[in-house]
Every structure is written in structure tokens, then in C-alpha cells.
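Worksheet: one structure, shown below.
Note on naming: letters A, B, ... go to the chains in the order of the sequence lines (proteins, then strands), and numbering restarts at 1 for each one.
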Amino acid sequence: MEKYGVEVQEKKPKVKETGLQELPGTHENIVLRFAPNPSGPLHIGHSRAAVPNAEYVKRHNGKLILRIEDTDPKRVFEPAYEMIPEDLEWLGVNPDEIIYQSDRFEIYYDYARQLIEKGAAYMCTCDGATFKELKDNCKACPCRDNSVEENLELWEKFDTMEAGEAVLRVKTDINHKNPAIRDWVAMRLVDEEHPRLGTKYRIYPMMNFSVAVDDHLMGLTHVLRGKDHLANTEKQKYLYDHMGWEVPEYIHYGRLKMEDIALSTSKAKEGIENGIYSGWDDPRLGTLRAIARRGIQPKTIYDLIIEIGVKMADSAISWKKIYGQNRNFLEPIANRYFFCEDPQLIEVAGYSDGKMDIERPLHADHEDRGNRHLSFDGKAYIAKSDINNGIFRLMDAVNVMVDGDDVTYHSASFEEARELKARIIQWVPVEENVNVKIVMDDASIKTGLGESALKELKVGDIVQFERVGFARLDEITDDELIFYFAHK
RNA sequence: GCUCCGGUGGUGUAGUCCGGCCAAUCAUUUCGGCCUUUCGAGCCGAAGACUCGGGUUCGAAUCCCGGCCGGAGCACCA
């Protein structure tokens, strides 16, 4: 086209690395945050919030703040302070800074006072039901007309009141069409011991207040949050207006539904206390630590969340998708071994070739990893479910004919097995083997024998038991290896 | 009930802003085939979707209106 002197106009660039949409607003010096409530370890649902924040920060070289929102002592589970950073590290999310809202009460008090002085907030001594009745009918409560002086006076006395006697409200629009937005609560009294603060404070900020103050003070350029916060965003904007602050970009994403596991943190906690679950990493739970224990790779989760992106539509994650993606990561790293569930001893009648020494590669595509050694001398263990009438090949050893309880020698060569379309099954030597347990994803346990080469594994290694599936070595005891099952 | 938000194959996405290059992308899934050795891995191939009805337009997944379906919020929780 150039020779005609025509400028070829490129279509709008369609370079998109992943499903993550480009961040609106500035890309310079962005500051994002992940702000969990420390009520337990991180759940797969938390990754929906943590991962996009981390990814944007990575792409734009910004700053990521981990802000622990522990302003409701009833909902703080103390070990979560430790667990959350651990879980994030596993996920590959590395905050630049950790902030605890419980360290910042004096700051919140300061801004609360400023709001009162501006006439933008008032002390409300109505009881909840009365206020709701008025609010639902677009009526201001009498306290709304208190003078600044009166409010200040009440604010000073706040600490001496009974819990429930008064709250601090932020003025919005009493005629707002959504009743939820009208004059929301900023501060309330709480008589509950806080794990980090003890009983030092009684005046507690509400989430909407502390979040808005912190987002501003920490210089957040963008706030990513679930669409369940849509109304909260609107509430918080009133606070920004009162204070004359610049509003960050808000991005709301849809709900993440997880197939099968609908377990909330509180349900999980209850189950653990009742002994239904073995702990926060019980394979039935959707916590990141449970997923990790099963050998699901952090990158599987990370990539999946990026793919889902930050759009408003809800999405449902299926285990099939997770397993399928994870298999792609595990396949090259997992070495192959034989495992026989519910092992049955078979003696091959008519076998007379003496002891066979067999070598099999640890991974067919990676010969450099070396071989495992198995020996066969006419006896072996095979999985109970593999005992069916017909001709079978004990993988890499011999072909046998099974008829009821009788197992007889048929032939030796693989070619013959192929010709006969004999099914190839795994087996374990009688002399050399190891007890293996596999904890399945429903917490049931498969018990059996594995080949002795498994003894060289370390905790954390992920293997594939041929025709069984991928599993992660979780524990080595005196007489057995305990694996956690990942997937087929 | 009120307020708000969504709806592309079984699932997750791309495309929607700025209508034509979309008989719609990629992944997973399912099915089939292949493989001197996993009938459950791997490799190859195939299948499968624009919620519905109107409207605007030469032309609609894309814009407008309505229906249907789904979700969220309506706390002195976060």
C-alpha cells in the first residue's frame, strides 16, 4: 500500500494477554489493595479479589497493600493473621505492605470528629427500629438537626454510653431512592474483647467508614471489589464528598460460585470444631491450603482467576476446569508409579522364567530422570478391581489368563498382548513394596500397596499413580506413605 | 417488596464501548482415533453457544424497547 501513498490505518489494537480488562484511569503509580476480614484462612473465593489486584500491580509496577480489616472483634479469628499472608504467598501474591485497621482507631476518630465539625455527621441516639422506620419513609430522625456543638458534646461522651445507646451517622441524602444509602452508620460501640486490642477501645468504626478513610489516606488509585459492595461504594462516595477527597476508580466484579463447595468460613470453622473436618486443610474444604495440600498448583488458580477477569457477570468455577488446567502443569513434573488398591496376591501358574528384573522410566518423556526397578518371579499383587476373567498383561512383565481364582501363564511378549488386545494392568512386587494410603477429595481413603521406589520421595512430591491419578505425598510415617489425591 | 446489576457451547472466556473482517476465539469438557506398553496419562481430530420477542439499519452477539431467567444489596457484619 505504501507505494500508493496510502496510509494503512490499523484497526484498534486487539492485544490482550489475558481476560483481564485494562484498568480504567491512571496507570502511573497505581496503588491497589487486598482487604480481607481475618475470620479464617483464605478461601478460593478470596483469590478472586487478591489475584487481579496483584496482577494489575505487577503489570503497572504499582503498589499492593494487604489491609487486614479487623474492625469487628466478633469476626476476628486470631490465627488468620498468620494464615492470610501464608496463603497469599502460596498464591503468588506479594503485598508491598501490611496494614492492620486495628492499629488505626485514633485516625478514624480524628476523621469522625472532622466530619462532625463540618456538620456532615451526627450522633444519633434513636434506637435502630425507630430510625429504620423514619428512614424507610424518607424522614430524618430528630438527631439529624443537632447542632455541631451538641454533636461534639455527645461524641466526647460516646465512650461512656451503653453499647447500642448511640451511633455516629454520616449524612447522605435522606430522600435517596435506595433506603440503604440513607444516613449510614460510621461508628458504633462494641463491648467485646479484640484479639489485638483487648478492651482498649469501645468505639469501633464501621467498615464503610474505615474503608473510605483508609482508601483515601493510602492513596488508592483503584478499588476492586465484588458487586455486593455496589451500594457501599455509593455510601462511601458521600464521605469523599464531605471531605472533598478525590474518588478512586471503582471496579466491581461478579460473584464467584464454586461447584459443590458452598462452604462459608464460618461453616468450615464449625465443622472443624465438631470434628467433621480434619482441619482448615481438609480436602473437602475450598480453602487455599486444602487445595494446595492436594497438589493443585497455585498457578492453576491464579491463571484461572485472571481468565475469569473482573467483569460484572457472575461466574461458576468447575472442578473439571481446575483439574484440567492443573493436569497440564502436573503432567510434566509428576513421575509415574504403580499403586494397587486393595491388593490381591496372585500366583501365576506355569510361570518358569525365574526372576525378571524390570526397569521402567520414572517419566516416559524425561528419560534423564532415570528408572525404577521392579522384579517379577511369578507372584505379584494386583488391585482387586483389576481381577476379572480374561487375558491381562502385567505391565512390562508377562501376559496372564485369569479364570476365577486361577491365574495361569499365557505368554511373555508385549506384541502378543497387543494382538490379543489384552488390558495392561499395574502390579506390585511381593518382596519389595510399601504401604500406601491415598486420601481422596471426599476424605475417603484408598488403601493399598505401592512399588518400593516410592520410598525415595519427599513430602510435597507429586506423582501419578498409573491409571489412578495424580497425588501429592503428604506424610511419611514409619510404615506407610500418605498421599492426598489431586485428580485423574 | 424496594434498589441495583447481569445473561455467548456443559463450564470459563474472546468479541459488545466505536454494528459489517463473527457461518463467533481460546481453554476445559464430551466423543472418536492414535500411541513397542497408563482401555484413567499423552498426542491428533471432531462435537457443542450469541436468553426470547419486537424495533432501528442495506446489515445486529454488538444499538433501542419490552418479556423471561439469574444474581446482589436493603445491619450498630465485612
- prompt: Using a cut-off of 4.0 Å on non-hydrogen atoms, how would the nucleic acid contact of A:Asp396 be classed: base, sugar-phosphate, or nothing?
  reply: base
task: Pick the C1' atom in B:G53 and in B:C69, then give their distance to the nearest Å.
output: 15 Å
query: Where the side chain of A:Met206 is concerned, which of B:C77, B:U28, B:A41 is the nearest nucleotide?
result: B:C77
field: Residue matched to B:G7 through Watson-Crick or wobble contacts both under 3.5 angstrom
entry: B:C68
message: Cation-pi check for A:Phe131 against A:Arg169: NZ or CZ below 6.0 Å from the six-membered ring centre and within 45 degrees of the axis, yes or no?
response: yes
Dump every N/O contact between nucleotides 61-72 of chain B and the protein below 3.5 Å, one line per pair.
unit_1: B:G71; atom_1: O2'; unit_2: A:Asp314; atom_2: OD2; d: 2.9

message: Between A:Phe105 and A:Tyr204 (judged by ring centroids, cut-off 6.0 Å), do the two rings come close enough to count as a pair?
response: yes
query: Side chains of A:Ser375 and A:Asp357: is there a donor and an acceptor less than 3.5 Å apart?
result: no
query: If we call it a pair only when both distances are under 3.5 Å in a Watson-Crick or G-U wobble match, what pairs with B:U13?
result: none
message: Say we look at B:C74 and B:G67: how far apart would their P atoms be, to the nearest angstrom?
response: 26 Å
- prompt: Is the shortest side-chain N to carboxylate O distance from A:Arg467 to A:Asp386 below 4.0 Å?
  reply: yes
message: Looking only at the side chain of A:Lys311 (C-beta and beyond, no hydrogens), which of the listed nucleotides B:U11, B:C35, B:A14 gets closest?
response: B:A14
- prompt: Which whole-number value in Å describes the distance from A:Asn371 CG to B:U37 P?
  reply: 14 Å
- prompt: With nearest nucleotides of RNA chain B determined for A:Arg188 and A:Asp136 from heavy-atom distances, which residue corresponds to the more 5′ nucleotide?
  reply: A:Asp136
A:Thr233 versus A:Gln236, side-chain donor and acceptor atoms under 3.5 Å: no
- request: Tell me which of A:Ala313 and A:Ala397 sits closer to the 5' end of RNA chain B, going by the nucleotide each one is nearest to.
  value: A:Ala313
message: Please confirm whether the shortest side-chain N or O distance from A:Thr71 to OP1 or OP2 of B:A78 is below 4.0 Å.
response: yes
message: At less than 3.5 Å, do the side-chain atoms of A:Glu307 and the base atoms of B:G12 form a donor-acceptor pair?
response: yes
- prompt: With a cut-off of under 6.0 Å to the ring centre and 45° to the axis, is A:Arg360 in cation-pi contact with A:Tyr337?
  reply: no
message: Please confirm whether the ring centroid of A:His222 lies under 6.0 Å from the ring centroid of A:Tyr56.
response: no
query: Considering only the C1' atoms, how many Å lie between B:A23 and B:G9, rounded to the nearest integer?
result: 15 Å
task: Under 4.0 Å between any heavy atoms, over every strand shown, what does A:Gly164 touch: base, sugar-phosphate, or nothing? Just pick one.
output: base
- prompt: When you measure from the side chain of A:Arg169, which nucleotide among B:U38, B:C76, B:U28 comes out closest?
  reply: B:C76
task: Using Watson-Crick or G-U wobble geometry with both distances below 3.5 Å, tell me the partner of B:A46, or none.
output: B:U30
query: If you measure from the P atom in B:G20 to the same atom in B:A60, how many Å do you get, rounded?
result: 11 Å
query: Once you round it to whole Å, what is the distance between C1' of B:A78 and OH of A:Tyr100?
result: 18 Å
query: Heavy atoms under 4.0 Å, any strand shown: does A:Met312 hit a base, just sugar-phosphate, or nothing?
result: sugar-phosphate
- prompt: Quick one: is B:G42 close enough that its OP1 or OP2 comes under 4.0 Å of any side-chain N or O from A:Arg336?
  reply: no
- prompt: Any ion pair linking A:Arg202 and A:Glu192 (charged N to carboxylate O, less than 4.0 Å)?
  reply: no
task: Take atom CD1 of A:Ile425 and atom C1' of B:G40, then tell me their distance rounded to the nearest Å.
output: 14 Å
B:U28 and B:U36, which share atom name P, separated by this distance in whole Å: 24 Å
message: Side chain of A:Gln426 only, heavy atoms from C-beta on: which candidate in B:U38, B:A41, B:A78 is closest?
response: B:U38
field: Length of the CZ-P vector between A:Arg225 and B:C5, whole Å
entry: 16 Å
message: Within 45 degrees of the ring normal and closer than 6.0 Å to the centroid, is that where the cationic atom of A:Arg196 sits relative to A:Tyr100?
response: yes
task: Salt-bridge test for A:Glu466 and A:Arg336: reply yes if a basic N is under 4.0 Å from a carboxylate O, no otherwise.
output: no
- prompt: B:G73 pairs with which nucleotide, Watson-Crick or G-U wobble, both distances below 3.5 Å?
  reply: B:C2
- request: Report the base-pairing partner of B:U56 (Watson-Crick or G-U wobble, both distances below 3.5 angstrom), or none.
  value: none
- prompt: Of A:Arg48, A:Lys299, A:Lys321, which is the lone residue that meets salt bridge (Lys or Arg N to Asp or Glu O under 4.0 Å) with A:Glu307?
  reply: A:Lys321
Between B:G70 and B:C52 - C1' atom distance, rounded Å: 15 Å
Any residue of residues 174-182 of chain A with a heavy atom less than 4.0 Å from an atom of RNA chain B: A:Lys177, A:Asn178, A:Ala180
message: By the 4.0 Å heavy-atom rule, please label A:Lys132 as base, sugar-phosphate, or nothing.
response: sugar-phosphate
- prompt: Under 3.5 Å, is there an N or O donor on one side and an acceptor on the other linking the side chain of A:Lys321 and the base of B:A27?
  reply: yes
query: What integer distance in Å separates A:Asp214:CG from B:A78:P?
result: 13 Å
query: Under 4.0 Å: is that the gap between some side-chain N or O of A:Arg202 and OP1 or OP2 of B:C76?
result: no
- prompt: Considering all heavy atoms of both residues, which atom of A:Tyr111 and which atom of A:Val213 are nearest to each other, and what is their separation?
  reply: CD1-CG1, 3.9 Å
- request: Start with the C-alpha distance between A:Lys227 and A:Asp314, add both sets of side-chain angles, then the distance that settles salt bridge (charged side-chain N to carboxylate O under 4.0 Å, His left out), and finish with yes or no.
  value: CA-CA 9 Å; A:Lys227 67 178 181 185; A:Asp314 297 346; 3.0 Å; yes
query: B:U13 phosphate, OP1 or OP2: any side-chain N/O from A:Ser315 under 4.0 angstrom?
result: yes
message: Please give the distance between the P atoms of B:U8 and B:U51 as a whole number of Å.
response: 6 Å
message: Would you say A:Arg467 places a side-chain N or O within less than 4.0 Å of OP1 or OP2 belonging to B:G42?
response: no
message: Can you tell whether the side chains of A:Glu193 and A:Lys74 come within less than 4.0 Å, N to carboxylate O?
response: no
- line: Of the listed B:C4, B:C76, B:G12, the closest approach to the A:Val167 side chain comes from B:C76
field: Identity of whatever pairs with B:A23 - Watson-Crick or G-U, under 3.5 angstrom
entry: none
- request: Check every atom of B:U11, B:C5, B:G42 against the side chain of A:Ser318 and return the nucleotide holding the closest atom.
  value: B:U11
- prompt: Nearest to the side chain of A:Phe470, which nucleotide is it out of B:U28, B:A41, B:C77?
  reply: B:A41
Please write out each protein N/O paired with an N/O of nucleotides 43-46 of chain B under 3.5 Å, distance rounded to 0.1 Å.
none

task: Applying ring pair (Phe, Tyr, Trp, His ring centres under 6.0 Å) between A:Trp427 and each of A:Phe376, A:Tyr381, A:Phe339, report the one that passes.
output: A:Phe376
- request: For nucleotides B:G12 and B:G19, find the distance between their P atoms and express it as a whole number of Å.
  value: 28 Å
field: A:Lys135 bridged to A:Asp183 by N-O distance under 4.0 Å
entry: no
query: What is the nucleic acid contact for A:Arg327, judged by heavy atoms within less than 4.0 Å: base, sugar-phosphate only, or nothing?
result: sugar-phosphate
query: Is A:Gln464 side chain donor-acceptor paired with the B:U38 base, going by distance under 3.5 Å alone?
result: yes
